[in-house]
Every structure is written in structure tokens, then in C-alpha cells.
Q: 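Here it is, the structure in full.
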Amino acid sequence: DLRGRLEKLKQKHNLQLVDDPEQWLSDGLDQLFSGLFGLFAALTSISGVVASLNLINLLVASVLERQRELGTLRALGLTQAQVRVLVVVEAGLLGLVGSLLGVVGALVISWTSVRLFAEWSKSINGPMTEAPTLPWVLAGLTVILGPGIAMLAALWPADRAASVNPADAMRAE
């Protein structure tokens, strides 16, 4: 009869009955922290994208500012294709360095945050049932995509730089 009365109270007041409150709380906190760790993984990938976008902005401005200098390379004997390749490879290297720095910084922040949350959770709830991991897949993807994005973004400025007339570039110098 007690169970029936509890069911009536549960329905009337929209309650949740649990057999083991400590296990229920532990499971809830594990779900909460798993979501937080997922958020840190997302922040890691976002930091890589933001670094790539900043690199694109810097790259376009740099190439457009150095157009005449790159045109001078044409006057010294480089072909349009060689100037394009030079600019795109330079962009790829800058993208790689930027992505590596961004990913290392994001992983350090993620690792620190995960450790702090894990210790806080352990002090409240005991050891976690599953150890949190760092977002290695996203970090690797960011390191691969960063140079690729930079190289794609460099195609238009590289084409403009390669199209500078060598005679005009030499007159400007």
C-alpha cells in the first residue's frame, strides 16, 4: 500500500522515485561532465577554425601588400606558376604553424580544465566511472585542415601576385 501512495504522490507532484539516490546522482554528474568535456572538444576545434580564419586575413593582406615584390620575382625569371606555388606553399607553412600553435594551446586548456573538473567531481562524488579523454581526433583534423584552408585561401592572392607585369614591378622598385 505504501508503493501505491508513493505512486500517487509522484504523479500529483511530478516527482521522480529512485532506488539508489547516490547512484542516480553519480550517473547524473557523469552525464553532466561528459557534456562539459564534449564542450571542451568543440572549443578545441573552434579555436583551430578561428586561427585559420585569422591566418587567411593576414595572408591576403600580406600578399596584396607584397604584390610588386612578388612581381619582381617574375622579372628575375620565375614563371607565373612558380610564383603561385611559392605563395601557396608559404600559406600552407603558415597554416601549419598556426594550426599547431592553436591546437597545442587548446589541448593545454582542455587538459587543465578536464583535470580540474575531474578532481572537483571526485571530491563530491568519488572517482569517475570513465576517465575523460582529450579531443585528439579533432586536434589532428585541425592540424590537417588549417594548412589546407590557408592554401585554398591563398589561391586568389597568389593569382593576383603572379599576374603582376614584371616591367611594372621593376619600375616601382
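By convention here, the first residue in the shown sequence is residue 1. Everything numeric in this text was worked out from a predicted model, so none of it was measured.
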Q: Looking at residues at least two apart in the chain, or sitting in another chain, which of them share a side-chain contact (heavy atoms from CB on, under 4.5 Å) with Gln11?
A: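 Checked Gln11 against side-chain contact (heavy atoms from CB on, under 4.5 Å); zero matches.
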Q: First locate atom NZ of Lys12, then atom CG of Leu9, and finally report the distance between them rounded to the nearest 0.5 Å.
A: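 So the NZ of Lys12 and the CG of Leu9 are separated by 7.0 Å.
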Q: Which of these passes side-chain contact (heavy atoms from CB on, under 4.5 Å) with Val103: Thr142, Val108, Leu141?
A: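 Among the candidates, only Thr142 passes.
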Q: Can you list, by chain and residue number, the hydrophobic cluster partners of Val89 when the side-chain cut-off is 4.5 Å?
A: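 Same cluster as Val89: Val85, Leu93.
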Q: Partners of Gln80 by side-chain contact (heavy atoms from CB on, under 4.5 Å), sequence neighbours excluded?
A: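 Gln80: side-chain contact (heavy atoms from CB on, under 4.5 Å) contacts with Arg74, Arg84, Ala162, Ser163.
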Q: Rest of the hydrophobic cluster containing Val88 (Ile/Leu/Val/Met/Phe/Trp/Tyr, side-chain heavy atoms under 4.5 Å)?
A: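 In the cluster with Val88 are Met151, Leu152, Leu155.
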Q: List in chain and number order the residues that pass side-chain contact (heavy atoms from CB on, under 4.5 Å) with Val18, two or more places apart in sequence or in another chain; answer none if no residue qualifies.
A: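 Val18: side-chain contact (heavy atoms from CB on, under 4.5 Å) contacts with Gln16, Pro21, Trp24.
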Q: Nearest heavy-atom pair of Pro147 and Ser99: which atoms, and what distance?
A: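 Closest approach of Pro147 to Ser99, heavy atoms only: CD-OG, 3.9 Å.
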Q: With a 4.5 Å limit on heavy-atom distance, are the side chains of Lys8 and Arg5 in contact?
A: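 No - every pair of side-chain heavy atoms lies 4.5 Å or more apart.
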Q: For Leu96, which of Val143, Ile144, Leu101 qualifies under side-chain contact (heavy atoms from CB on, under 4.5 Å)?
A: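 Of the listed options, the one satisfying the test is Val143.
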Q: Can you list the residues that meet the side-chain contact (heavy atoms from CB on, under 4.5 Å) rule with Leu86, with sequence neighbours excluded?
A: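 Once residues adjacent in sequence are excluded, the partners of Leu86 under the side-chain contact (heavy atoms from CB on, under 4.5 Å) criterion are Leu70, Leu73.
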